[in-house]
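To start, the structure under review is shown below, and the notes come after it.
Just so it is clear, the structure is predicted and the values come from calculations on it, not from any experiment.
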Amino acid sequence: MSCMNCLRDAFDLLGSTAIARACGVAQPSAQEWKSRDLLPRSDLIGTTDYAGAIASLLDARGSQITRADLIEHTRAAWLRRARASSDAA
């Protein structure tokens, strides 16, 4: 499944408290992910696996959103940010 709003959909379904708890982070960190609509870059390089933790919760709820969807969504969001940053320079 490929989706444009995977992370937002995950937050809508699970809530930031459940996501923060599953990822072992404070709720303000999870809220920042939601407001920025991306996970930390550390998920892209494999230092963390927040996408995996979120995907496990989603799977338990019967969601079709996968870890790969969340990673791809995050990769695309970081690329958009990088492009916008270089365009502004």
Side-chain angles (χ1 to χ4, degrees):
M1 170 186 195
S2 178
C3 67
M4 294 286 297
N5 299 309
C6 293
L7 191 58
R8 190 170 305 132
D9 292 346
F11 272 95
D12 289 347
L13 182 63
L14 302 170
S16 60
T17 301
I19 288 175
R21 191 174 300 127
C23 294
V25 300
Q27 188 170 0
S29 295
Q31 282 296 118
E32 183 179 343
W33 301 344
K34 180 181 180 181
S35 67
R36 293 176 68 190
D37 195 29
L38 52 77
L39 295 172
R41 277 186 260 188
S42 57
D43 253 29
L44 297 179
I45 62 172
T47 307
T48 58
D49 191 21
Y50 301 129
I54 295 167
S56 291
L57 290 178
L58 290 166
D59 186 53
R61 290 276 188 99
S63 173
Q64 298 290 314
I65 299 170
T66 66
R67 178 187 179 282
D69 293 329
L70 294 168
I71 290 294
E72 183 53 38
H73 174 85
T74 296
R75 180 176 289 114
W78 278 108
L79 286 172
R80 281 191 303 276
R81 283 179 161 256
R83 284 188 196 119
S85 205
S86 68
D87 288 346

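Side-chain contact annotation: Ser42 with Thr48, donor-acceptor N/O pair under 3.5 Å present.
Here the shortest heavy-atom pairing between Ala30 and Phe11 reads O-CZ, 3.2 Å. Across every non-hydrogen atom of Arg61 and Leu13, the tightest pair is NH1-O, 2.9 Å. Shown here for Cys6 and Ile65, the closest heavy-atom pair between the two residues is O-CD1, 3.7 Å. Closest approach of Gln27 and Ser16 over heavy atoms only: NE2-OG, 2.9 Å.
If you chain together hydrophobic residues whose side chains sit under 4.5 Å apart, Ile71 and Leu58 never meet in one group. Side-chain heavy atoms closer than 4.5 Å link hydrophobic residues (I, L, V, M, F, W, Y) into clusters, and following such links, possibly through other members, connects Leu57 to Val25.
Side-chain atoms of Arg81 and Leu38, non-hydrogen and from C-beta on, do get closer than 4.5 Å to each other. Under the 4.5 Å side-chain criterion, counting only non-hydrogen atoms from C-beta, His73 is in contact with Asp37.
Distance check, rounded to the nearest 0.5 Å: CD1 of Ile54 to CG of Asp59 gives 13.5 Å. The distance from the CZ atom of Arg67 to the CD atom of Glu72 is 12.0 Å, given to the nearest 0.5 Å.
Around CZ of Arg41, the count of heavy atoms belonging to other residues, nucleotides or ligands within 6.0 Å does not exceed 12.
Listed for the Asn5 side chain is no donor-acceptor partner under 3.5 Å among the backbone atoms of Arg8.
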Leu70/Asp43 under side chain to side chain contact (heavy atoms under 4.5 Å, CB included): CA gap, chis, key distance, verdict: CA-CA 10 Å; Leu70 294 168; Asp43 253 29; over 6 Å; no
